[in-house]
Amino acid sequence: MGQIHVVTDSGSDLPVKLREELGIQVVPLTVRFGDEVFKDGVDLTAAEFYARLKQETRMPSTSQPSPAEFVEVYERIAKPGDTIISIHLSSKMSGTYQSAMLATTMIDPKITVHVVDSRAASLGIGVPTIAAAKAAQAGKSAEEILTEVEGILDSLRVYFVVDTLEYLQRNGRIGLASALVGILLNIKPVLTLVDGQVAPFEKIRGRAKAFKRLRELGAEFRERNPGKQLKAAVSHADNQTEADALAEALPEILDLQDEVVVGEIGATIGVHAGPGTVAVFLYCV
């Protein structure tokens, strides 16, 4: 029986140590500042990206990896008879999933590739990818792993607070939350993902109340899922303090058996969310 490999993209915001421990391959998206082009996480760290973002007058942009970049990774890690599980950014937000799908038609047919549309972003991609890698290490079959991944994605709820809607709006990723543009400055909307795109959840007045609401949403998630094993993750865009505070509160709120994964939002998602963003990811296993 061949080996199972797990691949994701830089939109997954996985901590480097974790992905190295689990052998997860990351295909980077490209970030462009004017004429300068960087590979997210390869030649541009999250810290460098936010420092640059604060100085720039022009909004940076991102572009998905080409099918050829996926082919290079797939053929480098897998031998004939192997299986690859490739989990990617919501197809409503990026063409990354489509690039991966195209790549499957261009590689050795003896390598099996399952491409998964996470319908999410940041650790919404990261947590099912972690689960897939751990399951592969435990010797589970591709079918068992894919069932586990889909179970996580079906139960996943994502809530996030941005400092400003400006980045989502200017980059065209505001989705169903466009109705919130132009509302009072002190309103800090709690946003969510609906069918793979950004949508408004609630309008909250003031940042402190918005973060209190994120904690309350954790408690509500627990109430809706009695008897289930719950897990959580938190990601942030240049906002370690508020992310850590939320991550420290969640184990008691959710009665967690595992620690909360905390990831830093890199350039792929940071271009659209903007600095100051904090997101919570709640799911069942």
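Just the heavy atoms: all of them, side chains too, but no hydrogens, waters or symmetry mates, feed the values below.
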Are Ile24 and Leu14 close enough, and set up right, to give a side chain to side chain contact (heavy atoms under 4.5 Å, CB included), and what steps lead you there? CA-CA 9 Å; Ile24 297 166; Leu14 285 171; 4.0 Å; yes
Would you call Leu282 and Leu254 a side-chain contact if the rule is heavy atoms closer than 4.5 Å? yes
Using the six-membered ring wherever Trp is involved, compare the ring planes of Phe33 and Phe49 and label them parallel, tilted or perpendicular (cut-offs 30° and 60°). tilted
Using the rule salt bridge (charged side-chain N to carboxylate O under 4.0 Å, His left out), only one of Arg213, Arg215, Arg157 pairs with Glu220; which is it? Arg213
State the CG-CZ distance between Leu250 and Arg222, to the nearest 0.5 angstrom. 12.0 Å
Do the side chains of Arg205 and Lys188 get nearer than 4.5 Å, heavy atoms only? no
Taking a hydrophobic cluster as the set of Ile, Leu, Val, Met, Phe, Trp and Tyr residues connected by side-chain heavy atoms closer than 4.5 Å, whether directly or through intermediates, do Leu18 and Ile145 fall within one such cluster? yes
Donor-acceptor side-chain pairing of Glu69 and Ser66 below 3.5 angstrom: yes
Are Leu123 and Leu191 grouped together when hydrophobic residues (ILVMFWY) are joined by side-chain heavy atoms under 4.5 angstrom apart? yes
Non-neighbouring partners of Tyr97 that pass side-chain hydrogen bond (donor to acceptor under 3.5 Å, both in side chains), sequence neighbours left out: none
Among Val115, Asp117, Ile125, which residue satisfies the side-chain contact (heavy atoms from CB on, under 4.5 Å) criterion with His88? Val115
Path from Val234 to Phe201 over hydrophobic side-chain contacts below 4.5 Å: yes
Does Asp82 use its side chain to pair, donor to acceptor, with the backbone of Gly2 at less than 3.5 Å? no
May I ask you to test the Lys92-Leu193 pair for a side-chain heavy-atom distance under 4.5 Å? no
Val190 and Leu214: CA distance, side-chain angles, deciding distance, side chain to side chain contact (heavy atoms under 4.5 Å, CB included) verdict: CA-CA 8 Å; Val190 175; Leu214 290 183; 4.2 Å; yes
Heavy-atom pair of closest approach, residues Val7 and Ile84: CG2-CG2, 3.8 Å
Spacing of Phe160 atom CZ and Thr192 atom OG1 [to the nearest 0.5 Å]: 7.5 Å
side-chain hydrogen bond (donor to acceptor under 3.5 Å, both in side chains) with Ser235: which residues, sequence neighbours excluded? Ser122
Quick one: does Ser91's side chain get under 4.5 Å of Gln98's, heavy atoms only? yes
How many angstroms lie between atom CD1 of Ile152 and atom CD of Glu148, to the nearest 0.5 angstrom? 5.5 Å
Val262 and Ala247 have their tightest heavy-atom pair at CG2-CB, 3.6 Å
Between His236 and Asp244, is there a side-chain heavy-atom distance shorter than 4.5 Å? no
Out of curiosity, does Met93 fall in the hydrophobic cluster containing Leu156 (side-chain heavy atoms, cut-off under 4.5 Å, transitive links)? yes
Pairs involving residues 203-226, ordered by first then second residue, that meet ring-ring contact (aromatic ring centres under 6.0 Å, His included) (sequence neighbours left out): none
Same cluster or not: Ile87 versus Val16, using hydrophobic residues (I, L, V, M, F, W, Y) connected whenever any side-chain heavy atoms lie under 4.5 Å apart? no
Validation row: Ile111, Tyr74 side chains within 4.5 angstrom (heavy atoms): no
Looking at residues at least two apart in the chain, or sitting in another chain, which of them share a side-chain hydrogen bond (donor to acceptor under 3.5 Å, both in side chains) with Asp35? none
Verify the neighbour count for atom CD of Glu150: are there more than 12 heavy atoms of other residues, nucleotides or ligands below 6.0 Å? yes
Could you tell me if the side chain of Ser94 sits less than 4.5 Å from the side chain of Leu29, heavy atoms only? yes
From CD (Glu72) to CD1 (Ile77), nearest 0.5 Å: 9.5 Å
Heavy-atom side-chain contact between Val127 and Lys231 under 4.5 Å: no
What distance separates Ile85 CD1 from Thr129 OG1, expressed to the nearest 0.5 Å? 10.0 Å
What's the shortest heavy-atom distance between Ile269 and Ala121, and which atoms? CD1-CB, 3.8 Å
Check this for me: does any side-chain nitrogen of one of Glu48 and Arg52 sit under 4.0 Å from a carboxylate oxygen of the other? no
Applying side-chain hydrogen bond (donor to acceptor under 3.5 Å, both in side chains), name anything that partners Thr30, two or more places apart in sequence or on another chain. Lys39
Shortest non-hydrogen contact from Ala210 to Ile204? N-CG2, 3.4 Å
Going through the distances and angles, do Asp108 and Lys79 end up as a salt bridge (charged side-chain N to carboxylate O under 4.0 Å, His left out)? CA-CA 9 Å; Asp108 185 335; Lys79 303 189 300 289; over 6 Å; no
Modelled atom types, side-chain donor and acceptor of Asp9 and Thr96, under 3.5 Å: no
Identify the two heavy atoms, one from Ile265 and one from Gly270, that lie closest to each other, and give their separation to 0.1 Å. CG2-N, 3.4 Å
Rounded to the nearest 0.5 Å, how far does CE of Met59 lie from NE2 of His272? 10.0 Å
Looking at every heavy atom in both Ala273 and Val162, which two are closest together, and how far apart are they? O-CG1, 3.8 Å
Would you check, one step at a time, whether the test side chain to side chain contact (heavy atoms under 4.5 Å, CB included) holds for Val278 with Val161? CA-CA 6 Å; Val278 174; Val161 176; 5.6 Å; no
Mind checking what makes side-chain contact (heavy atoms from CB on, under 4.5 Å) contact with Glu143, not counting sequence neighbours? Ser141
Within a reach of under 6.0 Å around CD of Glu259, are more than 12 heavy atoms found that belong to other residues, nucleotides or ligands? no
